[in-house]
*Asks:* 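Okay, here's the structure, questions in a sec.
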Amino acid sequence: MATDSTHPETLVLHAGYRSDEATNAVAVPIYQTTSYQFRDTEQAANLFALKELGNIYTRIMNPTCDALEQRVAALEGGVAALAVSSGQTASTFAVLNLCQAGDNFVTSTDLYGGTWNLFANTFKQMGIEARFVDPSDPEAFRRATDEKTRCYYAETLPNPKLHVFPIAEVAAIGRALGVPLIVDNTAAPVLCRPLALGAAVVVYSATKYIGGHGTSIGGIVVDGGNFDWEAHGARFPTLTNPDPSYHGAVWTEAVKPLGPIAYILRMRVILLRDIGAALSPFNAFLLIQGLETLPLRMRAHCENALKVVDFLKSHPQVTTVIHPSVQTGELARRRDGALAHGQGALVGFELKGGLEAGRAFIDALKMLYHVANIGDARSLAIHPASTTHSQLSAEDQLATGVSQGYVRLSIGIEHADDIIGDLKQALESL
Ligand SMILES: *Cc1c(COP(=O)(O)O)cnc(C)c1O
């Protein structure tokens with residue numbers, strides 16, 4: 001570890017990598033190689049037997065990916081991480097690492113659309129049951145749990161409702177029952193630290209704020225190292241039973257000399273080995289460039305979002321503004337417990353004029369990009385009712401929090417006056 005700091009601003013620049021051993025390069029080099037030469041047959045045998053950890057083949061590990069993994073693990077306060085090809089791979093692997101056919105997991109209903117489809121359809125076809133529960137009632141997780149429940153799953157700050165998930169409450173229920181909580185923290189890196197609130201695993205779409213520049217698709221899973229798999233061994237056969245694809249290794253035993261990394265080691269040497277959804281070294285490099293300024297950008301994103309919220313609240317065409325900063329009561333309590341370092345840069349609002357006003361507003365924007373993405377340094381906008389949510393009935397759209405006149409903004413780091421100026425001229429054109 002090149003730094004013993006606990007400050008995010010320092011960790012993203014110094015954790016996990018100091019300089020290249022071969023060249024002394026300060027920037028993390030792009031190790032654009034598929035394979036690594038073994039020193040001798042003894043080392044090769046040790047690497048394959050996991051007696052020694054080291055590079056074999058880039059599908060399973062790569063030094064550029066390793067620097068990204070170590071930095072994100074340090075940022076989250078986890079023990080280790082695994083970089084993968086996308087956020088979708090990260091959520092797939094996070095669940096598949098614990099669930100087999102016949103098992104179930106309990107998930108919040110407030111999810112990214114891609115995650116919803118994965119859980120409701122693809123996992124179902126694989127024999128894994130996702131039990132959807134309303135996150136406004138943490139006890140619903142307890143009620144949906146049985147002896148085949150392998151994990152809980154939720155997003156920190158799900159859009160479009162932007163109701164902060166009760167991480168601490170659900171993590172505590174899970175820990176009492178021996179069930180780990182997996183949190184997708186894509187919308188709130190640096191702002192929220194799910195592991196410190198009791199979560200066991202954090203997943204990211206690094207495509208969004210971590211990359212920050214809209215250049216690369218990638219995902220990361222962070223192992224908190226804070227969950228005792230052996231204490232609830234019967235619940236976790238993938239980690240505590242002999243693994244037939246690795247000469248009978250029991251992962252919780254095999255990692256004893258290495259630290260509490262059974263979960264993430266198994267994900268690397270089994271799921272990444274077999275399924276192959278590896279992150280390319282080049283994309284790892286680009287994501288590292290983003291990561292190095294992530295805390296600085298999150299601060300600017302959040303400051304701008306608060307200014308946009310203030311502007312929208314007083315505009316006559318806007319009926320409702322959706323952002324954690326305007327929430328009250330129980331929602332505000334949860335927000336203050338989880339979002340210690342900023343309230344995020346996703347902002348929703350509803351237009352008086354409904355569907356037609358929503359479309360006209362998007363078409364009138366000049367600077368904001370009209371894209372189905374979040375977390376870019378540039379400000380982005382979309383009208384969900386006519387795009388991302390258009391396959392749902394108006395009733396189902398409302399259940400997910402999307403009204404006909406709802407517009408979603410992902411506020412960037414341009415000057416706030418220019419973002420507000422563009423929103424203002426588009427609203428005035430209605
Ligand atoms: C985008 C996104 C994903 C999926 O990530 P990809 O990198 O696009 O595969 C998962 N969860 C959330 C919250 C997202 O915003």
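Ligands are counted one by one from 1 in listed order, and the atoms in each one are counted from 1 as well. Both backbone and side-chain heavy atoms feed into the values below; hydrogens, waters and symmetry mates do not.
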*Asks:* Identify all pairs of nitrogen or oxygen atoms, one from ligand 1 and one from the protein, separated by less than 3.5 Å, and list them with distances.
*Replies:*
residue: ligand 1; atom: 5 (O); partner: Ser205; partner atom: OG; Å: 3.0
residue: ligand 1; atom: 7 (O); partner: Gly87; partner atom: N; Å: 2.9
residue: ligand 1; atom: 7 (O); partner: Ser205; partner atom: OG; Å: 2.8
residue: ligand 1; atom: 7 (O); partner: Thr207; partner atom: OG1; Å: 2.6
residue: ligand 1; atom: 9 (O); partner: Gly87; partner atom: N; Å: 3.1
residue: ligand 1; atom: 9 (O); partner: Gln88; partner atom: N; Å: 2.9
residue: ligand 1; atom: 11 (N); partner: Asp184; partner atom: OD2; Å: 2.7
residue: ligand 1; atom: 15 (O); partner: Lys208; partner atom: NZ; Å: 2.7

*Asks:* Salt bridge or not for Lys307 and Glu303, using N-O below 4.0 Å?
*Replies:*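 Salt bridge flag = no for Glu303 with Lys307.
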*Asks:* Take the angle between the ring planes of His232 and Phe227 and call it parallel below 30°, perpendicular above 60°, tilted in between.
*Replies:*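 Geometry flag for Phe227 against His232: tilted rings.
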*Asks:* Can the ring centroids of Tyr36 and Tyr31 be said to lie less than 6.0 angstrom from one another?
*Replies:* no
*Asks:* Under 4.0 Å between a Lys/Arg side-chain N and an Asp/Glu carboxylate O for Lys208 and Glu155?
*Replies:*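 Looking at Glu155 together with Lys208, the answer is no, because their closest N to O distance does not fall below 4.0 Å.
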*Asks:* Is Arg71 salt-bridged to Glu292, going by a charged N under 4.0 Å from an acidic O?
*Replies:* yes
*Asks:* Restricting to pairs with a member in residues 130-171, which pass ring pair (Phe, Tyr, Trp, His ring centres under 6.0 Å), not counting sequence neighbours?
*Replies:* Trp116-Phe132, Phe119-Tyr153, Phe141-Tyr152, Phe141-Phe165
